[in-house]
Q: 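The structure under discussion is supplied below as structure tokens; questions concerning it will follow.
Hydrogens, waters and symmetry mates play no part in the numbers below; they use all other heavy atoms, side chains included. Keep in mind that what you see is a predicted model, and the values were worked out from it rather than measured.
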Amino acid sequence: MAAAAAGPGPGSGPGDSLERPEAEAPERRRKAHGMLKLYYGLSEGEAAGRPVGPDPLDPTDLNGAHFDPEVYLDKLRRECPLAQLMDSETDMVRQIRALDSDMQTLVYENYNKFISATDTIRKMKNDFRKMEDEMDRLATNMAVITEFSARISATLQDRHERITKLAGVHALLRKLQFLFELPSRLTKCVELGAYGQAVRYQGRARAVLQQYQHLPSFRAIQDDCQVITARLAQQLRQRFREGGSGAPEQAECVELLLALGEPAEELCEEFLAHARGRLEEELRSLEAELGPSPPAPDVLEFTDHGGSGFVGGLCQVAAAYQELFAAQGPAGAEKLAAFARELGSRYFALVEWRLAQEQGGGDNSLLVRALDRFHRRLRAPGALLAAAGLAEAATEIVERVARERLGHHLQGLQAAFLGCLTDVRQALAAPRMAGKEGPGLAELLANVASSILSHIKASLASVHLFTAKEVSFSNKPYFRGEFCSQGVREGLIVGFIRSMCQTAQSFCDSPGEKGGATPPALLLLLSRLCLDYETATISYILTLTDEQFLVQDQSPVTPVSTLCAEARETARRLLTHYVKVQGLVISQMLRKSVETRDWLSTLEPRNVRAVMKRVVEDTTAIDVQGAWWAGCSPCPGFIAAPPSTTRWGSYMRRVFGRLRAATLARGPSPFTAALGSRAAMPPAIHPVPQWTPTS
């Protein structure tokens, strides 16, 4: 068998090829066993049929397929001593018991599976047997049916051909009947107003009538249909020109006329002319609402009326035009764009006129809602008529209104600041009742500062509505960048701060002009207000603005340090002017008291003159006000504690010295002329460096 398994040798002849299948059978079995071993996870050598350990053909291999117990026992008796024989027996008994135990365990664990598999196989055998019987019967029945069908087809073949011919003739007769009845049908449809059905009838028969128009009968039908069609086209044109129906009905008339073969260019012009009439009527209605006699509706109602009337009608016209006259090409699109651009400009003019009437109000909520609806309504015509630029024009109007509102709020802040100054003037000029003091400078300053800050916050909250997320135009580049940086921050806030500084500096004019009527306390209050702005308020306001309006624009803005420097310079100028005004008042008082008295004939003074008491009182009041401005305590006494003991007093002393020197430089007074020299006057105090708030 080993020789047979080895196959024919090199010297085998042709006769050995007959024994080759028998010699290759064990090799195939080994390969099959190898594939099974590979499936159950055995070694690759065993799976491939190659011997990994002992020879599989060895009869003494317990695990081999060719194991022979007699040969194995003879080999053990010959080669092994008694002790090894005993050990082999013990080991073999243990392995037998282990294998028996494993076999029982496998049987117990898979008993139900074996039973189920057996039942399933039994059922499958029965089912397949029944199915085979049914398939056999079905094949027999199909054969019988095929045979009967062939017989029926052969029997009815002649009748089927005749039925097909008759069906064709019937269809042709129905078409001919439709053609002969076409004039009467068209007439009935025209009388009933079913113009669409009449046009469909005409479309179905047009090609056939043109193809067979050389025949007299078809020619007569075609002539009758043309007469009726002409009357139908005339009625459609009359209905279209009356214009009493809406845009959908007008579009239907144009569509039917185009289906009847009317010239598209002429219909296009008439369609736009009728649409112009309807839209101009809407514009006249809007213009009537803006007239002087009836009260104008609120801006929200006005934009709703314009959006539902004019803008909605324009959308319908554009959609119908593009559907009906798509074959016109770019020329037709440009004609529609020019039509929409012309009427849209008139509508925008009316909207701007109405929006201009809202510029006087302080609340932006209603205006922003109206602008939002106005912008939203123009999205649809903007998409349909991109060449007309309606959406861009609407956005420009919204941006222009936003800029105007910023200017209005700036004017409101300036008016509020001037109103605060007027209140301060009135409070300072109000007469004081006996035993009751009026408001001090600190209280007036607090009122002015809080009032201005509240107006600024109210203006920021009002203009912030333009950038709300729910507003349709807030995502436009202008409102995300330039409006926040250049409009709100620079135009409104920075512009107001600079306007406030300029207004305050306008009080520093010469005494003969505007500055002479300005209360000195107001100058000091404005100086302190500018100083407070330079210290903290400007930084706070700009930080608040930047937080509310997230600026995405990269354009340059005014730094905080620049505004603080301007406020500081304004405070310095106001303070200097205050000192000059007060010094001028006191110096004029002293000068007049000296010049109006005849010192040669006067009596010897016994008491302090009233004018000197007034000078001391005014100087004490100036010291108190200056101490409030500088944030320090006033001098307890003008004589016991001279002004030089405080920063404010030192500054006052230097300024008064400069004013005294300037007074003496103007020339001798009558008193010094009477004495004959200036020796009696104390020497002038030389000018000292100018004081600044940081010194």
Side-chain angles (χ1 to χ4, degrees), residues 403-428 441 444-460 463 485-545 555-582 629 690-694:
R403 285 191 288 267
E404 292 176 356
R405 292 304 296 173
L406 289 176
H408 170 73
H409 282 286
L410 177 59
Q411 294 176 1
L413 291 177
Q414 294 171 351
F417 178 65
L418 294 177
C420 292
L421 296 185
T422 303
D423 295 340
V424 172
R425 282 174 176 267
Q426 293 176 355
L428 294 175
L441 290 180
L444 293 176
L445 176 63
N447 293 336
V448 171
S450 62
S451 177
I452 293 175
L453 190 58
S454 63
H455 279 88
I456 290 175
K457 290 183 178 180
S459 297
L460 289 177
V463 298
S485 63
Q486 301 301 317
V488 178
R489 191 186 190 278
E490 294 298 309
L492 182 60
I493 302 303
V494 176
F496 169 67
I497 294 174
R498 285 179 168 167
S499 173
M500 186 179 66
C501 293
Q502 292 173 1
T503 303
Q505 289 182 12
S506 66
F507 293 105
C508 298
D509 296 337
S510 61
E513 299 174 4
K514 188 185 298 183
T518 303
L522 179 60
L523 297 175
L524 196 63
L525 185 144
L526 289 176
S527 177
R528 183 63 191 183
L529 178 65
C530 293
L531 194 62
D532 291 343
Y533 265 69
E534 183 264 338
T535 304
T537 309
I538 290 178
S539 177
Y540 169 74
I541 293 175
L542 291 181
T543 302
L544 179 65
T545 303
S555 57
V557 295
T558 304
V560 178
S561 58
T562 302
L563 292 177
C564 291
E566 294 179 5
R568 182 186 183 87
E569 176 63 20
T570 303
R572 187 196 65 79
R573 290 189 59 186
L574 287 168
L575 181 61
T576 302
H577 189 64
Y578 168 79
V579 174
K580 289 180 180 180
V581 170
Q582 294 287 50
W629 180 92
Q690 202 171 31
W691 180 85
T692 58
T694 58

Q: Kindly compute the distance separating CG (L413) from CD1 (I497), expressed to the nearest 0.5 Å.
A: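 It comes to 10.0 Å.
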Q: Tell me whether H455 contacts the main-chain N or O of S451 through its side chain, where contact means a donor paired with an acceptor under 3.5 Å.
A: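 Answer holds: yes.
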Q: Would you find a donor on one side and an acceptor on the other, under 3.5 Å apart, between the side chain of S539 and the backbone of A536?
A: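 Looks like no, no N/O pair under 3.5 Å.
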Q: Taking C-beta and beyond as the side chain, do T570 and L531 meet within less than 4.5 Å on heavy atoms?
A: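 T570 vs L531: side chains apart.
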Q: Closest heavy-atom contact between L492 and S459?
A: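 Closest approach of L492 to S459: CD2-CB, 4.4 Å.
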Q: I'd like to check the salt bridge (charged side-chain N to carboxylate O under 4.0 Å, His left out) partners of R573; sequence neighbours left out, ordered by chain and number.
A: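 By the salt bridge (charged side-chain N to carboxylate O under 4.0 Å, His left out) rule, R573 matches no residue at all.
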Q: Between atom CZ of R403 and atom CD of Q486, what is the distance when rounded to the nearest 0.5 Å?
A: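 With rounding to 0.5 Å, CZ (R403) is 12.0 Å from CD (Q486).
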Q: Side chains of E534 and C530: does their closest heavy-atom pair fall under 4.5 Å?
A: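 Counting from C-beta outward, E534 and C530 never come under 4.5 Å.
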Q: Backbone N or O of L523 within a donor-acceptor pair of the H577 side chain at under 3.5 Å?
A: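 Checked: no pair found.
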Q: Applying salt bridge (charged side-chain N to carboxylate O under 4.0 Å, His left out), name anything that partners D423, two or more places apart in sequence or on another chain.
A: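 Counting only residues at least two positions away or on another chain, D423 forms no salt bridge (charged side-chain N to carboxylate O under 4.0 Å, His left out).
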Q: Tell me the closest heavy-atom pair linking L445 and L525, and the distance in Å.
A: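 Minimum heavy-atom separation between L445 and L525: N-CD1, 3.8 Å.
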Q: Out of curiosity, R498 CZ to E490 CD, how far, rounded to the nearest 0.5 Å?
A: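 Rounded to the nearest 0.5 Å, the CZ-CD separation comes to 7.0 Å.
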Q: How about L542 and L563: do any of their side-chain heavy atoms sit closer than 4.5 Å?
A: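 They are in side-chain contact.
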Q: Answer yes or no: is there a side-chain heavy-atom contact under 4.5 Å between L529 and I452?
A: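 Yes - at least one pair of side-chain heavy atoms lies under 4.5 Å apart.
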Q: Quick one: CD on E569 to SG on C501, what's the gap to the nearest 0.5 Å?
A: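 These two atoms lie 10.0 Å from each other.
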Q: Would you say that L421 contacts T503 through its side chain, given a criterion of any heavy-atom pair below 4.5 Å between the two side chains?
A: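 Sidechains of T503 and L421: in contact.
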Q: Does any N or O in the side chain of S450 come within less than 3.5 Å of the main-chain N or O of N447, such that one atom is a donor and the other an acceptor?
A: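 Yes, the answer is positive, given that a donor and an acceptor are paired below the 3.5 Å cut-off.
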Q: Please name the pair of heavy atoms, one in T558 and one in T562, separated by the smallest distance, quoted to 0.1 Å.
A: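 That would be CG2-CB, 4.1 Å.
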Q: Contact between V463 and L406 at the side-chain level, heavy atoms closer than 4.5 Å - yes or no?
A: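 Yes, side chains in contact.
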Q: Heavy atoms only: give me the nearest V557-S485 pair and the separation to one decimal.
A: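 Looks like CG1-CB, 4.4 Å.
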Q: Counting C-beta onward and ignoring hydrogens, is there a side-chain heavy-atom pair between L544 and K457 closer than 4.5 Å?
A: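 The answer is yes; the side chains approach within 4.5 Å.
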Q: Out of curiosity, I493 CD1 to I456 CD1, how far, rounded to the nearest 0.5 Å?
A: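 Those atoms lie 5.5 Å apart.
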Q: Sequence neighbours left out, what passes side-chain contact (heavy atoms from CB on, under 4.5 Å) with Q414? Give chain and number order.
A: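 Q414 satisfies side-chain contact (heavy atoms from CB on, under 4.5 Å) with L410, F496, S499 once adjacent residues are dropped.
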Q: Which value, rounded to the nearest 0.5 Å, describes the distance between Y533 atom OH and I538 atom CD1?
A: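 Rounded to the nearest 0.5 Å, the OH-CD1 separation comes to 8.0 Å.
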